[in-house]
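Structure, as structure tokens:
Model, not experiment: these values are computed from the prediction. For ligands, and for the atoms within them, numbers begin at 1 and follow the listed sequence.
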Amino acid sequence: RADVRPGSASAPARRRAADATAPTTHWRLRAWVQRIAELTEPADVVWVDGSAEQKQRLVDGMVEAGTLVPLNPELRPNSYLARSDPDDVARVEDRTFICSLREEDAGPTNNWRQPTAMRAELRGAFAGSMRGRTMYVVPFSMGPLGGPISQLGVQVTDSPYVVVSMQVMTRVGTAVLDLLGADGDFVPAIHSVGAPLVGRDGEPLADVPWPCNRTKYIAHFPETREIWSFGSGYGGNALLGKKCFALRIASVMARDEGWLAEHMLVLRVTDPAQRVFHVAAAFPSACGKTNLAMLRPTLPGWTVETIGDDIAWMRPGGPGTDGRLRAINPEAGFFGVAPGTGPTTNPTAIETLRSDVIFTNVALTDDGDVWWEGLTDTPPAHLTDWRGNDWTPQSGTTAAHPNSRFTVAADRCPTIADDWDSPAGVPIDAILFGGRRASNVPLVAQARDWAHGVFMGATISSEQTAAAEGTVGALRRDPFAMLPFCGYNMADHWGHWLRLGAELESRGVPLPAVFQVNWFRKGEDGRWLWPGFGENSRVLAWVLGRVAGDDADAGGVLDSPVGLLPAVGADPAATPGALDLRGLDVPAEDLDELFRVDAASWLAECDLTEEFFARFGDHLPVRLAEELATLRTRLGTG
Ligand code: GTP
Ligand code: SPV
Ligand code: MN
């Protein structure tokens with residue numbers, strides 16, 4: 001603990017004090033920590049060693065401060081509830097900035113700020129922002145320690161909630177400093193909740209259980225690979241290893257170095273013949289990644305193991321391998337959506353959440369456990385809601401916030417693969433792109449080739465969810481499910497995918513097969529047409545049958561304008577390539593509707609795609625304009 005109390009020290013003295021306890025010889029890291037301490041003026045500086053003891057001290061302190069409510073240890077051992085400020089409940093996309101040197105490198109879908117101007121603004125916000133608080137220094141690894149696909153970062157933060165969450169979500173502590181050695185590279189990530197406890201004139205300011213600031217900045221400097229986050233303590237705004245590093249900064253690294261950083265789950269499927277496949281899937285926020293990653297197949301004989309639920313880093317295998325794309329999960333925990341998670345929808349998650357969980361913004365039961373919409377069919381008669389108010393089923397509000405979440409270590413998950421943290425990753429056989437679409441998009445369609453697959457990814461649109469501030473339900477383009485997460489020009493991202501595919505193909509390396517899926521199509525009466533969840537195993541089975549080539553020339557596959565569709569209604573035993581619907585109770589007309597391709601609606605969508613593509617000017621890869629033309633031709637015009 002280094003004492004750097006305000007008023008007690010001049011700037012150089014404060015610097016020296018910040019450095020006094022640094023457990024590393026890494027001079028750049030030490031100098032950076034000193035500079036941030038000088039700017040933010042914390043009362044002291046604590047290096048996070050990753051130990052259980054230090055973590056427990058932080059948890060105890062948060063319980064004392066009212067930030068964490070301990071849950072009933074008999075019902076939910078070693079678990080806590082945090083209630084955030086009601087204005088700090090989700091990612092803030094309109095306050096998320098990509099500060100590349102050139103505006104066109106951020107592209108039309110990111111908020112760009114000129115880096116020098118943004119630095120000046122940030123300095124103003126961060127000046128003295130940690131006064132009276134402890135600044136924690138959190139060295140972390142995204143991916144297994146020392147792995148060939150992994151990357152290191154150091155986050156400073158004045159939020160103990162963030163420190164403890166980072167310890168669940170990433171690998172944190174002294175082992176990372178050992179890897180950094182005296183001069184290793186790391187991504188610097190500065191975080192402050194922006195709520196000092198001492199005013200500019202030295203007057204004390206009151207603390208609250210969830211400090212934050214009305215003004216927020218989630219700023220990224222792609223060229224210098226820095227992250228500055230101010231004003232929020234929530235999720236992707238504050239746990240900087242996650243979206244800020246593992247997607248926005250890592251996507252830039254990946255572009256420069258020939259790999260991929262994607263908003264994707266990764267899972268392993270074993271079929272009844274014991275064949276093993278790996279699938280990566282990109283769905284926008286709150287559109288089903290965690291659920292698919294933890295899927296319990298309803299099809300007999302199939303098993304699914306979880307590797308990751310939110311982010312995948314994929315690289316072509318190096319010398320001595322088959323060269324295929326291999327994926328790791330760079331995280332070490334799940335920050336999952338609570339509402340909708342129940343024993344019938346996601347029993348695996350329910351088991352994962354038995355103990356050792358931090359819940360945020362769910363409801364509290366009278367016996368000290370948690371509840372959220374969808375956990376049980378019938379809500380308890382009385383709850384304390386996510387704002388801390390009395391709640392009954394008559395209240396007319398949700399008891400849990402729609403973006404309430406659980407934070408839990410990956411190894412608590414009963415379906416986690418034994419080798420989920422293998423540094424070399426797993427070879428990817430299939431890639432799925434999905435979204436939340438009440439109409440138009442079929443349950444599943446296969447891309448005819450890689451470029452068509454990239455087109456599918458580039459044209460995803462999805463109804464907006466509560467994972468970010470904004471209008472829930474509004475349809476928007478979310479290419480690759482990366483709209484809020486791509487650290488550079490989105491069209492260049494498509495170009496990067498096309499180039500990587502072409503390069504692998506030219507080396508004779510098999511590419512993953514690409515599919516579009518949609519679990520969320522609705523009937524005219526507004527109900528889901530597809531039961532989803534465990535039944536999605538039927539779609540996985542079809543996808544992997546395609547990958548394995550089981551249906552060659554069997555006629556079970558239909559060549560539609562939007563991609564290859566499974567035959568529906570045929571006997572899958574007699575017709576390989578047909579969708580296996582045995583034992584499923586979905587009316588035939590619903591199945592027809594699930595796969596109906598309405599040419600007029602699709603042509604209207606093509607017009608919107610053309611407008612969307614036009615925003616990217618000459619960054620748009622020609623190949624994607626060609627794919628759009630092909631789609632129009634297949635739909636019957638052009
Ligand atoms: P982020 O963590 O925000 O990236 O979300 P995610 O993509 O991991 O989504 P998640 O699996 O948490 O699901 C979000 C919501 O969609 C939850 O309320 C789920 O219950 C619901 N959901 C997931 N899969 C399905 C499905 O197959 N059908 C239906 N109807 N709902 C689903
Ligand atoms: C998402 O919004 O995609 C999430 C939650 O996974 S957050 O960590 O807040 O980004
Ligand atoms: Mn996500």
Side-chain angles (χ1 to χ4, degrees), residues 84 88-93 96 162 165-166 169-170 218 229 232-248 262-267 281-296 298 306 308-312 331 333-350 360-361 372-375 398 400-407 432 434-438 443-444 462-470 472 478 481-485 517-522 526-540:
S84 80
D88 191 22
V89 294
R91 284 183 294 98
V92 283
E93 294 181 2
T96 300
V162 165
S165 301
M166 284 289 285
M169 295 303 297
T170 72
I218 319 295
S229 165
S232 168
Y234 203 83
N237 296 332
L239 313 179
L240 303 187
K242 196 172 174 59
K243 297 303 167 49
C244 298
F245 183 170
L247 290 178
R248 298 196 192 97
E262 299 294 333
H263 192 201
M264 289 180 172
L265 69 97
V266 180
L267 57 78
F283 310 153
S285 301
C287 291
K289 289 182 300 300
T290 301
N291 278 268
L292 188 66
M294 297 182 179
L295 166 137
R296 187 168 293 184
T298 51
T306 310
D309 83 322
D310 198 52
I311 298 176
E331 301 191 275
F334 308 123
F335 181 63
V337 177
T341 307
T344 48
T345 56
N346 191 348
T348 308
I350 294 299
T360 306
N361 287 346
W372 50 79
E373 281 68 23
L375 179 60
T398 60
H401 186 276
N403 191 38
S404 55
R405 299 239 168 196
F406 52 79
T407 308
L432 316 184
R436 197 177 269 273
R437 290 297 305 268
L443 180 64
V444 57
S462 191
E463 290 142 28
Q464 232 174 298
T465 66
E469 299 290 355
V472 172
D478 192 347
M482 284 286 278
L483 178 74
F485 307 123
V517 300
N518 176 26
W519 317 142
F520 298 96
R521 198 146 168 177
K522 287 180 175 174
R527 85 207 133 77
W528 306 120
L529 292 171
W530 179 248
F533 302 105
E535 303 294 4
N536 294 334
S537 57
R538 298 172 188 275
V539 173
L540 284 180

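Among protein residues, Arg91, Gly235, Gly236, Lys242, Lys243, His263, Ser285, Asp310, Phe335, Arg405, Ala467, Phe485 come within 4.0 Å of ligand 2, judged on heavy atoms.
Residue, atom and distance of the protein heavy atom nearest to atom 1 (P) of ligand 1 are Ala286 N, 3.3 Å. Looking only at protein heavy atoms, the nearest one to atom 17 (C) of ligand 1 is Pro339 O, 3.5 Å. The nearest heavy-atom contact from the protein to atom 4 (O) of ligand 1 is Lys289 NZ, 2.8 Å. Taking atom 20 (O) of ligand 1 as the reference point, the nearest protein heavy-atom neighbour is Gly340 O, 3.3 Å. In this structure, atom 19 (C) of ligand 1 lies nearest to the protein heavy atom Asn291 ND2, 3.6 Å. Nearest protein heavy-atom neighbour of atom 2 (O) of ligand 1: Arg405 NH1, 2.8 Å. From the protein, the heavy atom lying nearest to atom 26 (C) of ligand 1 is Phe533 N, 3.7 Å. For atom 9 (O) of ligand 1, the closest non-hydrogen atom of the protein is Gly288 N, 2.8 Å.
Judged by distance alone, with hydrogens and angles left aside, the side-chain atoms of Lys242 form no donor-acceptor pair with the main-chain N or O of Gly236 at under 3.5 Å. Between the side chain of Glu262 and the main chain of Ala282, no donor-acceptor pair closer than 3.5 Å is present. At distances below 3.5 Å, at least one donor-acceptor pair connects side-chain atoms of Arg405 with backbone N or O atoms of Phe335.
Residue Leu292 does not touch ligand 1, judged by heavy-atom distances below 4.0 Å. No part of Trp530 comes within 4.0 Å of ligand 1, judged by heavy-atom distances. With a 4.0 Å heavy-atom cut-off, ligand 1 is reached by no atom of Ala293. Residue contacts with ligand 1 for Lys242 are absent, since no atom lies close enough (heavy atoms, distance under 4.0 Å). Under 4.0 Å from ligand 1, the heavy atoms of Asp310 that appear belong solely to its side chain.
Under 3.5 Å, the side chains of Asp88 and Ser232 contain a donor-acceptor pair of N or O atoms. For the residue pair Asn361/Trp372, the side-chain donor-acceptor check at 3.5 Å is not satisfied. A donor-acceptor pair shorter than 3.5 Å cannot be found between the side chains of Thr96 and Arg248.
Counting heavy atoms from C-beta outward, Cys287 and Thr465 have side chains that approach closer than 4.5 Å. Between Asp309 and Lys289, the closest side-chain pair of non-hydrogen atoms is not below 4.5 Å. Looking only at side-chain heavy atoms (C-beta outward), Pro484 and Asp478 come within less than 4.5 Å of each other. Asn403 is not listed as a side-chain neighbour of Val89, based on a closest heavy-atom distance of 4.5 Å or more. Taking the side chain as every heavy atom from C-beta outward, Lys522 and Leu529 never approach each other to under 4.5 Å. At least one side-chain heavy atom of Val539 sits under 4.5 Å from a side-chain heavy atom of Trp530. Residues Arg91 and Ser285 have side chains in contact (heavy-atom distance under 4.5 Å, counting atoms from C-beta outward). Looking at heavy atoms from C-beta onward, Leu432 lies in side-chain contact with Leu292 at the 4.5 angstrom threshold.
Using a 4.0 Å cut-off to heavy atoms of Pro284, the atoms of ligand 1 that qualify are 7 (O). Residue Arg436 has at least one heavy-atom neighbour below 4.0 Å for each of these atoms of ligand 1: 15 (C), 16 (O). Atoms of ligand 1 found under 4.0 Å from any heavy atom of Trp528, numbered from 1 in the order shown, are 30 (N). Of all the atoms in ligand 1, the ones that sit under 4.0 Å from a non-hydrogen atom of His263 are 4 (O).
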**Message:** Walk me through whether Ile350 and Leu375 qualify under side-chain contact (heavy atoms from CB on, under 4.5 Å).
**Reply:** CA-CA 9 Å; Ile350 294 299; Leu375 179 60; 3.6 Å; yes
**Request:** Show your reasoning for whether side-chain contact (heavy atoms from CB on, under 4.5 Å) applies to Asp310 and Thr290.
**Result:** CA-CA 7 Å; Asp310 198 52; Thr290 301; 5.9 Å; no
**Asked** Would Val92 and Tyr234 count as a side-chain contact (heavy atoms from CB on, under 4.5 Å) if you check the C-alpha gap in whole Å, the side-chain angles of each, and the deciding distance to 0.1 Å?
**Response** CA-CA 10 Å; Val92 283; Tyr234 203 83; over 6 Å; no
**Prompt:** Arg521 and Arg437: side-chain contact (heavy atoms from CB on, under 4.5 Å), yes or no, with the steps?
**Reply:** CA-CA 6 Å; Arg521 198 146 168 177; Arg437 290 297 305 268; over 6 Å; no
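Listed by chain and number, the protein N, O or S atoms at a distance under 2.8 Å from the Mn ion (ligand 3) are Lys243 NZ, His263 NE2, Asp310 OD1.
Distances between N or O atoms of Asp309 and those of ligand 1 include no value under 3.5 Å. Polar contact check, Cys287 against ligand 1: a nitrogen or oxygen pair lies under 3.5 Å apart.
Ligand 1 is never approached by Thr345 to a heavy-atom distance shorter than 4.0 Å.
A cation-pi geometry, defined here as NZ or CZ lying under 6.0 Å from the six-membered ring centre and within 45° of its normal, holds between Lys243 and Phe485.
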